[in-house]
Amino acid sequence: MFSLRFKDDPQLIAEYEKYHEAIWPEIRDSIISSGITGLEIYRVFNRLFMIMDTDDAIFSFKKKGTMDAANPKVQQWEDLMWKYQQALPGAKPGEKWVLMNKIFDL
């Protein structure tokens, strides 16, 4: 599970959600071809949470990063999405989605 926050602007949040009603086909293809088998994004106020299911035989963060860096359409999407997003306090430079640590499981 990952987390990120929005810029605290209701209009920008609404625009972001509109983009995610129908993501670009190239973005969908990039997600699926990397080995991500399911992806959900949730919002509470200006905080986002993303849950990914992956095919561990195919997916790696390094591979996904390399694929994304070489894909101009993914870079265009990421640049556009950064209009709406801001890094979490404590995030590394350039880090958007921050991997959350599980602290409890029942």
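Side-chain atoms of Lys7 come within 3.5 Å of backbone atoms of Lys83 as a donor-acceptor pair (strictly under, hydrogens ignored). With hydrogens and angles disregarded, no donor-acceptor distance shorter than 3.5 Å links the side chain of Thr54 to the backbone of Gly35. The main-chain N or O of Lys62 is found under 3.5 Å from a side-chain atom of Thr66 such that the two form a donor-acceptor pair.
Across Arg5 and Ala87, no two heavy atoms sit closer than the pair NE-O, 2.9 Å. The two residues Ile27 and Val74 make their nearest non-hydrogen contact at CD1-CA, 3.8 Å. When all heavy atoms of Asp105 and Lys102 are compared, the closest pair comes out as OD2-NZ, 3.2 Å.
Once rounded to the nearest 0.5 Å, the distance linking CH2 of Trp97 with CD of Gln85 reads 6.5 Å. Taken from OG in Ser30 to CD1 in Ile36, the straight-line distance is 7.5 Å, to the nearest 0.5 Å. Expressed to the nearest 0.5 Å, how far CG of Asn46 lies from CG of Leu12 amounts to 11.5 Å. Atoms CD and CE, on Glu40 and Met50 in that order, are 11.5 Å from each other to the nearest 0.5 Å. Taken to the nearest 0.5 Å, the CZ atom of Phe49 stands 5.0 Å off from the CE atom of Met100. If you take NE2 on His20 and CD1 on Ile41, they are separated by 4.0 Å, rounding to the nearest 0.5 Å.
Taking a cutoff of 4.0 Å between a charged side-chain nitrogen and a carboxylate oxygen, Lys18 and Glu21 qualify as a salt bridge.
One hydrophobic cluster, built from ILVMFWY side chains closer than 4.5 Å, holds both Leu4 and Leu99. The hydrophobic clustering, which links ILVMFWY residues whose side-chain heavy atoms are closer than 4.5 Å, places Tyr16 and Val44 apart. By the rule that hydrophobic residues join a cluster once side-chain heavy atoms approach within less than 4.5 Å of another member, Ile13 and Leu88 end up as members of separate clusters. Using a 4.5 Å cut-off between side-chain heavy atoms of Ile, Leu, Val, Met, Phe, Trp and Tyr, with links allowed through other members, Ile32 and Met67 fall into different hydrophobic clusters. Residues Val98 and Ile51 do not share a hydrophobic cluster, clusters being chains of Ile/Leu/Val/Met/Phe/Trp/Tyr side chains in contact below 4.5 Å.
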Could you please spell out the steps behind the side-chain contact (heavy atoms from CB on, under 4.5 Å) verdict for Glu26 and Gln76? CA-CA 11 Å; Glu26 299 90 348; Gln76 182 184 358; over 6 Å; no
Using the side-chain contact (heavy atoms from CB on, under 4.5 Å) rule, take Met81 and Tyr19 through it: C-alpha gap first, then chi angles, then the decisive distance, then the call. CA-CA 9 Å; Met81 292 302 107; Tyr19 272 108; 3.9 Å; yes
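The number of heavy-atom neighbours closer than 6.0 Å to CZ of Arg28, taken from other residues, nucleotides and ligands shown, is 12 or below.
The side chain to side chain contact (heavy atoms under 4.5 Å, CB included) test with Leu48 singles out one residue from Tyr42, Phe6, Tyr84, Phe2, and that residue is Phe6.
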